[in-house]
Structure formats: structure tokens, C-alpha cells
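In what follows, every chain begins at residue 1, and chains take the letters A, B, ... in the order their sequences are listed.
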Amino acid sequence: MDLKAQLKTAVEMAAQQLGATVDAAIQETPAGKAGDYGTPAAFLIAKTIGGNPAQIAAQLAQTVQLPQGIKKVEAAGPFLNFFVDVGAFVRGVVEKPFEMPQLSGKVVIEHTSVNPNKELHVGHLRNVVLGDSMARIFRAAGQTVEVQNYIDDTGRQAAESIFAVNHYGLKWDGVQKYDHWLGEGYVRLNADPAKPELEPGIREIMHRLEAGELRSEVEKVVHAHLVTCFRLGARYDLLNWESDVVGSGFLKRGMDILEASNYTSHPNEGKYAGAFVMDVSEFMPGLEEPQVVLIRTDGTAMYAAKDIGYQFWKFGLFEGMKFRPFTEDPEGHTVWTSAPDGDPDLARRFGHADEVINVIDSRQDHPQTVVRSSLGVAGHTGMKERSIHLSYAFVTLEGQTISGRKGVTVSADAAMDEAQKRALIELAKVNPELSQRDDAGEIARRIGLGAIRFAMLKAEPTRKIDFRWEQALALNGDTAPYIQYAAVRAANILRKGQEAGFAIDGTGADWDMLPDIDLTLAKQVAKLPQIVAQSVRVHSPHVVAQYALDLATSFNAWYNAKDKNGKRITNVLESEPGLREARFALVARLRQAFEETLDLIGIEIPAAM
RNA sequence: GCACUCGUAGCUCAGGUGGAUAGAGCGUUGGCCUCCGAAGCCAAAGGCCACUGGUUCAAGUCCAGUCGAGUGCACCA
């Protein structure tokens, strides 16, 4: 049990002795206030048993049993403040492994899901980075994670691109990235004044797509997309193709489940006569029109109906798709795909989620809520609660709506190229010798991609992002390079220590020599597990990104700390024996915290900067 | 019109279940490298936390309303 939990218990027991049962909040004392952790519990106690909060706090200070590692308690007005034993606390942080949340169960995370008809643009980056980071964070919190990528291979967009290739007689030169080449045909078709007359041809392609005849054409685009996503650091377990979802009968099986519900009906009169509709008013209050059409009068399905069947499948309400390996990711792990010629999932390996997270932009809020509500309509309220739409605001480009057709777009590949290029230029500027090293390109890659990923997830998902080069690829300030630099600096200290023959694992440390300033740093390091827990709770990686910044800021402040005469006071190498070893051990732990934290958001630390 | 999201420094954003003087970055001004690397640090300036009312010992945080911005509201996908 961590220190804060122990303090909470201690305070609540002391309150019990005074005759009050309270939920005591333990928080860090504000900077400049006495103590390390405090609680306003006296307010609550005063409320239940009467009396003056300040007096009650004073009483608590007398009676509370101090857990190990706390050396002093005192009342500060109505607040009760605890002082930790610096040496014991830092030693605990250094020696004990992080107590990460131990969640169980399986979460299916769907992200990317880009139309297979043109290259990814910078707006897609946000989706991929959000989903991939969530997957990493949930995995760290102990859950089984399955990342799925939905391939809409029967949609109009895919059809238009393939039609354009045939219609204009376009030939791929084998050099240009395939998805970029295909996208050019799409743009050309949509700029073609004759497009309305080409409609029959496009429809024919759509029918052939639905029949699965053009699968290999679409697979080529998907492979090209994966190149982009792999480069960004994203990894997938399974690609689900819309044609397979449809072909597996998920639509009918979903509708069969909904048929049994009291919330669905086949009206005989009114404007919905002849259709199959679902009343979602219980789950989506305040709607003007609570009836959602699932099956039209002519018997064809609405898109939402397909989505519902697919969501039901993710939760394991039925099975039936077939699977086979599709490709390997850079680490050699197999990425699977649904496929008509695949094998049945006898091991129930895919789907069967306890929680489903769909990373989809906020313009889909309404339809996603309908899908979620359908689980309630089907009577699966638990699944409805654990059906999460990770909704994020769409990305604009220099203030304009991204549109490939209008040419207002920057491809994800170009953005990554530019980011790495800028990183290399900056490297040559600040560290010329380093930029001549063989691994300069790898260093620039980690910095450039880190900068992009961080820019995409440092703010809450509800924030709109306007992609601007200077902002997204900035290398100073609230950025990945700032954090990476701190992590590299920590490694440099450790390297120097080892070169000088000192122990960096705590051997020979005299923990009691540590001053308060080192405690501040150690407290920041110790927060990581709570950060992971919070990130999981709110379903957002921005919590982790912000923490990474805090960690870097704390370390830099500690590193640069000076006394009144301007002399550095935390130089590890020059610290007295005993203190020196304690500090090396703390820096080693900090470095590890950097690695774990950045890994949670898919950012790699360069060997040097 | 209805629903959802948002309104915190000039700009871009943080501010777990309400708690002790509201924090960063960019930009502005002024300092700090005879170095465990300055992609860094310190300091200054900059805030009726959109507005009004309510709940509470305590509200940036919760509730209601107002104003403003964005998004979505087809038997489309």
C-alpha cells in the first residue's frame, strides 16, 4: 500500500475515535506550505460532530497514528499536515518497483480506420496516436488489449479511387507510395466536371467491392497505410473488413437480438410504417425524434445497423468471422485480418471484450451514442456502460478544414519527413559533432516523431487542434524534445558516474543525507502509478503527457538548483560520499520513470541530443 | 429550433473524487555556462477562471440560467 493510502487510513481511524466516519482526502501541500501531504478532513469531522475545524485538526495531530516513513504531523489551522522522512521516502521510491494498477479483463481498442482510398493526412495522426497511446496505457495497467483497425472496403470512397484508376488508365510506377498515387486518381475524379455522368461506373465498382472481387486492390492501400502507421509507432492485432462484417451475417444477428427488445418495433402506420425502428429515448434523453430507423421500408439496412452488429461482435454476443495472418509489424508480430478464406476463430481469440473503446472524431458523437444505446436496448446495460467512444475534436490545417479533394491537406508521411528533417537541422545547430555521428538520423527520427506524437496528445481530446508547422514540430517548450533532453541528461549523469567508478544502484548510499530538494524530485517520480490509473479512468493519454512534462520540469529545476552564491547544490558527481550514491540511485530511478512514461505515449528516447 | 462539446494570461493549453497564495509553454523584459551539455535554469510583467444566480465552512471545479464559439441533427455513408 502506498504512503497516501496509509495516511488516508490513519486519518480515518483517528476520525473514528472522535466519533466521525469520513472519507479523508490526502493531497500534496501547496508549494510554500509546511509539510508534504495534508488533509482537510477536519472540516468534514466538524460537520458531523460539530466543533471548530482548527481545534479538531489539533486533536487529530495528537491522536493520529503515523505510518512508517512519516516523521511528524502538525495542524496548520484546519488542515492537518504530514512531514515525510526524507531518507526513508526517497529510498522507498528508489527500491520499490512501481505499483501499477492491476486491472483485469480485455479491452478492444479500435483506431485508425482510415478509408482505403488515399494516403493518411495530418488529421488522421491524432486518431492513430490517441488510440495507440491508449493501448499502451491500458496494457501497462494490466489489461489484455486488442487493437483493431476497421477497413471500410465497401464504401464509396474506395470505389471512386479504384474507378479513377480504370477510367483514366493510371499506371503505378512502383516507386511512389501506393496510397499517395491512388489518392491522386481520387482527387482528379472529384475535380472532373464529367463526374456525374460517371456515376454508373462508380456504382459498378461498389457492387464488385461488396462481392469481394477487388480485395487485392484494396489490400495494396492497406499495406501502404500500415507503413505510415508503423512508422508512427502504432501497432495492430487485427484488421476487420467491412465486407467480412457484412458477409459474416453480423447485421442480421444484431437485428435478431434487437427484435426481442421492447424498445424496438415494426410500426404499421405513421411515417415509419414498414420499417424496423429502435426507441432510444430512455438512453438518449432530450431527443426531438427518439426513433432510430435500423431497417428501411425497402428492407435495406441503415449504416447504424451494421455498426451495431459489429459492436455486438466486439463484446462477444456472437461470432462467425474468419481470420488469417495479414502481415508482420516491425517487431515481427503477426497482424491478423478478417478474410472469407480464413479460419474460424475456434479459440475465441478475437473480440469477446469486457470493454470497447472506439477512437472516432467528435462529429460521430451522435451515431456512436446510438450504437452504445443499442446495447442498452438489447438489455446489456453493463456492456453499454463499458462501450466507450473516445471522441476527439477534428484537426484543421492552418485554420482550414482538411480536404484532400480541395487540396487543403498535408499527408502524414510528409509531416513525419518534415519533422525528422527539422530535428536533424536543429541537431546540427546545437550539437554539431553529434550530427556527424552515424546514428544522427536515428536520433533525429526519435525527436521528430516524438514531437509530432506529443503535439497530438498533450491537450485533452476535446480540444481542437489547428495543425501549424511551427507549433506541431516545435522543439522547445512544452514538447517531446524538452522531455527527451531531460531523459538524456539523466543518462549522461549516470554514465559519468559509472565511468568514475561509482555505484548507481544505491550501494553505499546514506539516505539521511538527502535534503528536501531531492525529496521534491522523488515525490514527482513516485506519482507515476496514480497517473496511469487516472489516465485509464478518464480514457485519455493527455494525463500521461502532462505528467511527462512535469517530470522533466522537476528534474531540470533540481538539476539547476543553486544556493545564494550561485553555486550548484545538486551536482551528483561532486556530492559527498553517501549523498552521492543516494543521488545516483535517485537519478537512475528517474531515468527509468522517463522510459516508462514516454513508452506509455509511444515516444522513444534518443541516445544523445 | 433541439442535442453534444467548449469558454482559464496577448496566443496555445494544464488545473484526479469541491479545499490552503490559480500553473506551464510561446511571445515580451532582465539575469545565469572555468560546463555532471544552455534543446536548459532563474526572475519580472501579464488573470473580476465568459456573465448572473444558487448549493457549501470552502467553487476554476457542482447545479440552473444567460451570452459567445464549434460540431451534429436523412428510411445518407
The side chain of [X] lies closest to which of these nucleotides: [options]?
X	options	value
A:Arg296	B:G70, B:C41, B:C75	B:C75
A:Ala557	B:A20, B:A39, B:C42	B:C42
A:Pro367	B:A39, B:A77, B:A14	B:A77
A:Met302	B:C36, B:C76, B:G7	B:C76
A:His366	B:G72, B:A20, B:C41	B:G72
A:Phe394	B:A39, B:C36, B:U71	B:U71
A:Asp365	B:C75, B:A39, B:C4	B:C4
A:Tyr559	B:C6, B:G37, B:G16	B:G37
A:Arg463	B:C6, B:A20, B:G1	B:C6
A:Pro30	B:G37, B:A39, B:U21	B:U21

Can you see if the side chain of [X] gets near the phosphate of [N] - specifically, an N or O under 4.0 Å from OP1 or OP2?
X	N	answer
A:Tyr547	B:G16	no
A:Tyr482	B:C41	yes
A:Tyr303	B:A77	no
A:His539	B:G16	no
A:Asn560	B:G40	no
A:Arg363	B:C4	no
A:Arg489	B:A38	yes

In the structure shown, which nucleotide is the Watson-Crick or G-U wobble counterpart of [N], with both distances under 3.5 Å?
N	result
B:A69	B:U5
B:G10	B:C26
B:A38	none
B:G47	none
B:A20	none

Under 3.5 Å donor-acceptor, [X] side chain and [Y] backbone:
X	Y	value
A:Arg126	A:Ala393	yes
A:Ser554	A:Asp550	yes
A:Glu460	A:Thr462	no
A:Asn565	A:Lys567	no

Margin query: Categorize A:Asn492 for me: base, sugar-phosphate, or nothing, with a 4.0 angstrom heavy-atom threshold over every strand shown.
Written below: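 Base contact - A:Asn492 has a heavy atom under 4.0 Å of at least one base atom.
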So for [X] and [N], does any side-chain atom that can act as donor or acceptor lie under 3.5 Å from a complementary atom in the base?
X	N	value
A:Asn81	B:A20	yes
A:Gln364	B:G72	no
A:Asn556	B:G40	no
A:Thr297	B:C75	yes

Checklist line | cation_pi(A:Arg372, A:Phe283) dist<6.0 Å, angle<=45 | finding: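 No, A:Arg372 and A:Phe283 do not form such a contact.
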Checklist line | Test: A:Lys523 cationic atom under 6.0 Å from A:Tyr37 six-membered ring centre, within 45° of axis | finding: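 Here A:Lys523 passes the 6.0 Å and 45° test against A:Tyr37.
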Atom [atom1] of [X] to atom [atom2] of [N]: distance rounded to whole Å?
X	N	atom1	atom2	value
A:Arg446	B:A39	CZ	C1'	17 Å
A:Tyr150	B:A77	OH	P	12 Å
A:Asn476	B:A24	CG	C1'	15 Å
A:Phe555	B:G37	CZ	C1'	12 Å
A:Lys496	B:G37	NZ	P	4 Å
A:Asp466	B:U71	CG	C1'	16 Å
A:Gln530	B:G16	CD	P	13 Å
A:Leu549	B:A39	CG	C1'	14 Å

Next item on the list: Using a cut-off of 6.0 Å, state whether more than 12 heavy atoms not belonging to A:Glu269 lie near its atom CD.
Entry: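 Atom CD in A:Glu269 is not crowded, with 12 or fewer foreign heavy atoms closer than 6.0 Å.
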Notebook entry, point to check: Want to settle it: does A:Met609 or A:Thr29 sit nearer the 5' end of RNA chain B, counting the closest nucleotide to each?
Noted result: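 Comparing both residues, the 5'-ward one is A:Thr29.
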Margin query: Go nucleotide by nucleotide along RNA chain B from the 5' end; which of A:Ile295 and A:Pro40 gets its closest nucleotide reached first?
Written below: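 The answer here is A:Pro40.
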Notebook entry, point to check: Are the ring of A:Phe79 and the six-membered base ring of B:A20 within the stacking cut-offs of under 5.5 Å and under 30°?
Noted result: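 Aromatic stack with B:A20 present for A:Phe79.
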Note to self: I'd like to check, for A:Phe43, whether its ring lies over the base of B:G19 with centroids under 5.5 Å apart and a plane angle smaller than 30°.
What the structure shows: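 Aromatic stack with B:G19 present for A:Phe43.
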Next item on the list: Would you mind calling B:C33 syn or anti? Take O4'-C1'-N9-C4 for purines or O4'-C1'-N1-C2 for pyrimidines, and syn is within 90° of 0.
Entry: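 Base orientation: syn.
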Next item on the list: Report the relative orientation of the aromatic rings in A:Trp558 and A:Phe555; use parallel for angles under 30°, tilted for 30 to 60°, perpendicular for over 60°.
Entry: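 A:Trp558 and A:Phe555: parallel rings.
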